[in-house]
Amino acid sequence: MYEFSIIIPAYNESDKIIPSLTQVVTFMRNFSDSFEILVVDDGSSDNTVELVEGYARDNKEIRLIKNAHKGKGPTVWTGMMEAKGRYIYMADADLSTPISELETLFKWITEHGFDIVIASREGIGSKRVNEPYYRHLMGRVFNAMVQIIALKGIKDSQCGFKLFTKKAAKEIFKRTQIYGKDSKELKKGYMGAFDVEVLFLARKLGFKIKEVSVTWTYVQTSRLNPLSDSIKMVMDVVKVRINDLKGIYKI
């Protein structure tokens with residue numbers, strides 16, 4: 001068993017995956033004596049897979065997992081199910097939050113007893129760099145709705161950098177209903193609001209969650225359609241509440 005598992009979901013990341021992996025490998029070799037990096041490819045149509053395979057030949061800590069294209073939620077789910085570390089960290093391939101922030105998040109588990117520590121772009125000490133105003137506004141409107149429907153008190157459920165104890169990760173992800181191994185294949189990229197279901201289940205299971213302010217740099221992406229994806233994400237949040245009312249999440 002490793003001390004850390006780093007899960008990196010990847011979909012058409014050929015322009016950034018090697019620099020990001022270099023940063024992660026370099027940092028982790030100084031931070032931990034035992035770790036694995038799981039790059040879970042979400043059915044990329046570019047040469048992301050070939051690049052990771054080549055890089056992994058000289059960096060044995062890296063393991064590539066090939067998924068059909070189902071979106072970010074099922075891709076992260078696969079990584080969580082495959083991870084063998086005592087602590088499991090999910091990180092976006094663009095490293096919009098630097099890998100070095102893992103050290104700060106980890107202290108909240110080892111020194112304060114939290115089970116899940118999530119990076120937050122809101123709150124005292126957080127920094128958003130180069131983010132367009134309209135994206136920030138969209139995020140704030142969405143989060144307000146998330147707090148009303150499902151996650152009262154959590155200011156930023158959607159930042160893609162979250163640290164779990166192994167127990168928390170395995171207990172939560174085996175119970176997710178909206179995205180998982182049975183999700184349908186897609187024709188285009190989709191982020192989804194799987195994070196909301198994950199954190200909702202975490203609370204149902206009694207795990208302690210801590211939000212920690214981080215520095216986050218906006219990286220432009222063509223995978224997010226502001227209108228259609230926002231509507232789908234709202235529907236994801238509503239599904240979480242409906243599932244709960246139906247007793248589907250009963251522990």
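- Residues passing the side chain to side chain donor-acceptor pair (under 3.5 Å) test with Glu131 are Arg128, sequence neighbours excluded.
- The ring-ring contact (aromatic ring centres under 6.0 Å, His included) check on Phe35 picks up nothing, with sequence neighbours excluded.
- Taking the six-membered ring for Trp and the full ring otherwise, Phe106 and Phe4 have centroids separated by under 6.0 Å.
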Quiz prompt | Intermediate values then yes/no, side chain to side chain contact (heavy atoms under 4.5 Å, CB included), Tyr87 and Ile109 | solution = CA-CA 9 Å; Tyr87 306 99; Ile109 289 180; 3.8 Å; yes
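- For Glu61, the side chain to side chain donor-acceptor pair (under 3.5 Å) partners are Arg29, not counting sequence neighbours.
- If you take CG on Leu38 and CD1 on Ile62, they are separated by 10.5 Å, rounding to the nearest 0.5 Å.
- Every ring-ring contact (aromatic ring centres under 6.0 Å, His included) that Phe27 has, sequence neighbours left out, goes to Phe31.
- At a threshold of 4.0 Å, the pair Lys16-Asp94 does not count as salt-bridged, since none of the basic side-chain nitrogens sits closer than that to a carboxylate oxygen.
- Applying the side chain to side chain donor-acceptor pair (under 3.5 Å) rule to Glu50 yields no partners; only residues at least two apart in sequence or on another chain are considered.
- Note on residues 196-211: pairs passing side chain to side chain donor-acceptor pair (under 3.5 Å), not counting sequence neighbours, are Ser120-Glu211, Glu197-Tyr249, Lys204-Asp244.
- Between atom CD1 of residue Ile116 and atom CD1 of residue Ile88 there is a gap of 11.0 Å, rounded to the nearest 0.5 Å.
- Summarising the geometry, atom CH2 belonging to Trp77 is positioned 15.0 Å from atom CD1 belonging to Ile178; distances are rounded to the nearest 0.5 Å.
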